[in-house]
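Worksheet: one structure, shown below.
None of the values given here were measured: they were computed from a predicted structure. Below, all heavy atoms of this structure are taken into account, side chains as well, without hydrogens, waters or symmetry copies.
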Amino acid sequence: MSQDLLVTAPQLAELIAEDAALVFDCRFDLFHPEQGRISWLSAHIPGAVYANLDKNLSGRVTSQSGRHPLPFPRSFAVFLARSGWTPDKRIVAYDAHGGAFASRLWWLMKYFGLGNTSLLDGGIGAWMAEGLPMESGEVTTRRVSLPELDPDPSLTFNSQGVLNSLNENSIVLLDARNEDRFEGQVEPIDTVAGHVPGAINHPMGRNNENGTFFRGSAELKAGFRSSLKKTDPETVVHMCGSGVTACQNLFAMELAGMTGPKLYVGSWSEWIRDPRRPILQGARAGK
């Protein structure tokens, strides 16, 4: 496990003082998409650039895609250049949701071959609890040259790949949504409730203490082993509602030293686009 995946608030303060980090505020509200930016404008870590899930960390939604498809390489490169990112700067991402949205930026940096990205453990709440300075308003950044991105499609699965692999019993699908959504008891966002038959439920909240700090690597590993049994991590494919919070499970597995899992990018919101794909409701799989 890389020791650089998480930084504490005091460590981040040191990185900022040394001009060694570019900080991104990834707060977002799926039900009120502008609220994250409003919160950022009101108060954020000094110098933090706002990373909007819909506009910066996702691509254009189509009639066949999920709610948060991957951004095109050029679009993501433009976002990084506009934010002032250079390879010598470590990216540190934070949110107020246990890493639910910040981990999407971490995963995108990995997918595009850039890496060198950490999460602020405990998010903005940890920063505030340390009494560290905050600022408000827009952030001025220095635009730099577009970085070269090298996407790695081997880290992803699409809907047909998931369907084929489940039929062949060659993957284990791990769903990061809350249990009530997984079981189809409620569905506050998508048009169909339930889950992919054969999927195992591992809500991303299991990875956090009190919904904020990540659990230790040994505890995380034990939690995933409880869900996955003896499954090889390289055969695990993560999903959620739209391929966002699944990245938090991916991040937590890496913290636990369990490397090699993939992301089902479209996730549930793409799966249900085709009524021919099977769904299951009510089964309490993977509790």
Q. Residues in side chain to side chain contact (heavy atoms under 4.5 Å, CB included) with Ala129, at least two apart?
A. none
**Q.** Linked hydrophobic residues, Val186 as query - side chain contacts closer than 4.5 Å
**A.** none
**Q.** Validation row: Asp95, Asp25 side chains within 4.5 angstrom (heavy atoms)
**A.** no
Q.
Whether the side chain of Glu187 engages the backbone of Ile189 through a donor-acceptor N/O pair (distance < 3.5 Å, no angle test) should be reported.
A. yes
**Q.** Exercise: do Thr86 and Asp88 side chains pair donor with acceptor under 3.5 Å
**A.** yes
**Q.** Side chains of Asn164 and Glu168, donor plus acceptor under 3.5 Å
**A.** no
**Q.** Pairing residues for Pro147 by the side chain to side chain contact (heavy atoms under 4.5 Å, CB included) criterion, not counting sequence neighbours
**A.** Ala77, Leu80, Ala81, Trp85, Leu149
Q. How many angstroms lie between CG in Asn207 and CG in Asn249, if you round to the nearest 0.5 Å?
A. 5.0 Å
Q) Going by atom types alone, do Ser58 and Arg67 pair a side-chain donor with an acceptor below 3.5 Å? A) no
Q) Side chains of Glu183 and His195: do they bring a donor and an acceptor to under 3.5 Å? A) no
Q) Taking C-beta and beyond as the side chain, do Leu155 and Leu263 meet within less than 4.5 Å on heavy atoms? A) no
Q.
Quick check for you: to the nearest 0.5 Å, what is the distance between Glu270 atom CD and Asp190 atom CG?
A. 11.5 Å
Q) Under the side-chain hydrogen bond (donor to acceptor under 3.5 Å, both in side chains) rule, what pairs show up with a residue in residues 258-269, not counting sequence neighbours? A) Ser159-Tyr264
(Q) For a 4.5 angstrom cut-off between non-hydrogen side-chain atoms, does Leu70 reach Leu108? (A) yes
**Q.** Pairwise distance CG(Asp121) to CG(Leu12) - rounded to 0.5 angstrom
**A.** 11.5 Å
Q.
Do Glu138 and Trp40 make a side-chain contact, defined as non-hydrogen atoms from C-beta onward lying under 4.5 Å apart?
A. yes
(Q) Could you walk me through whether Lys89 and Asp19 satisfy the side-chain contact (heavy atoms from CB on, under 4.5 Å) test, starting with their C-alpha distance in whole Å, then the side-chain angles of each, then the deciding distance to 0.1 Å, before giving a yes or no? (A) CA-CA 8 Å; Lys89 291 282 184 76; Asp19 195 27; 3.4 Å; yes
Q) Just how far is it from atom CD1 of Ile171 to atom OG1 of Thr235, taken to the nearest 0.5 Å? A) 8.5 Å
Q: Report the residues that fulfil ring pair (Phe, Tyr, Trp, His ring centres under 6.0 Å) with Phe213, sequence neighbours left out, ordered by chain and then residue number.
A: none
**Q.** Of all pairs that satisfy ring pair (Phe, Tyr, Trp, His ring centres under 6.0 Å), the ones with a partner from residues 129-166, not counting sequence neighbours
**A.** none
Q. So if you build clusters from Ile, Leu, Val, Met, Phe, Trp, Tyr with side-chain heavy-atom gaps below 4.5 Å, do Val237 and Leu250 land together?
A. no
Q.
Applying side chain to side chain contact (heavy atoms under 4.5 Å, CB included), can you list everything that pairs with Glu234, at least two apart in sequence or on another chain?
A. Asp232
(Q) Donor-acceptor pair, distance only, cut-off 3.5 Å: does the side chain of Asn201 make one with the backbone of Arg177? (A) yes
Q. Once the angle between the rings of His202 and Phe224 is folded into 0 to 90°, is it parallel (under 30°), tilted (30 to 60°) or perpendicular (over 60°)?
A. parallel
Q: For the pair Thr156 (side chain) and Pro153 (backbone), establish whether a donor and an acceptor sit closer than 3.5 Å, ignoring hydrogens and angles.
A: yes
Q: Take His97 and Thr212 through the side-chain contact (heavy atoms from CB on, under 4.5 Å) test and state the conclusion after the steps.
A: CA-CA 7 Å; His97 321 282; Thr212 52; over 6 Å; no
(Q) What's the separation between atom CD1 in Ile279 and atom CZ in Arg277, rounded to the nearest 0.5 Å? (A) 12.5 Å
Q: Compare all side-chain heavy atoms of Asn208 with those of Gln248 and state whether any distance is below 4.5 angstrom.
A: yes
Q) What residues, two or more places apart in sequence or in another chain, satisfy side chain to side chain contact (heavy atoms under 4.5 Å, CB included) together with Val244? A) Leu53, His68, Phe101, Arg104, Ser242
(Q) Any side-chain to backbone donor/acceptor pair from Ser65 onto Val61? Under 3.5 Å, distance only. (A) no
Q) Could you state the interatomic distance from OG (Ser227) to CG (Asp175), rounded to the nearest 0.5 Å? A) 11.0 Å
Q: Applying salt bridge (charged side-chain N to carboxylate O under 4.0 Å, His left out), name anything that partners Arg276, two or more places apart in sequence or on another chain.
A: Asp274
Q: Give a yes or no on whether Val139 and Tyr50 share a hydrophobic cluster (residues Ile, Leu, Val, Met, Phe, Trp, Tyr; joining criterion: side-chain heavy atoms under 4.5 Å apart).
A: yes
Q. Does Asn178 reach the main-chain N or O of Arg181 with its side chain, forming a donor-acceptor pair under 3.5 Å?
A. no
(Q) Please check this pair: side chain of Arg225 against backbone of Lys229, looking for a donor-acceptor N/O pair closer than 3.5 Å. (A) yes
Q) Looking at Tyr94 versus Phe24, is the centre-to-centre ring distance below 6.0 Å? A) no
Q: Mind checking ring pair (Phe, Tyr, Trp, His ring centres under 6.0 Å) for Trp106 and listing every partner two or more places apart, or none if nothing turns up?
A: Phe251
Q.
Test: side-chain hydrogen bond (donor to acceptor under 3.5 Å, both in side chains). Region: residues 6-18. Which pairs qualify, not counting sequence neighbours?
A. Thr8-Gln11
Q. Which residue pairs satisfy the side-chain hydrogen bond (donor to acceptor under 3.5 Å, both in side chains) criterion with at least one member in residues 72-84, sequence neighbours excluded?
A. none
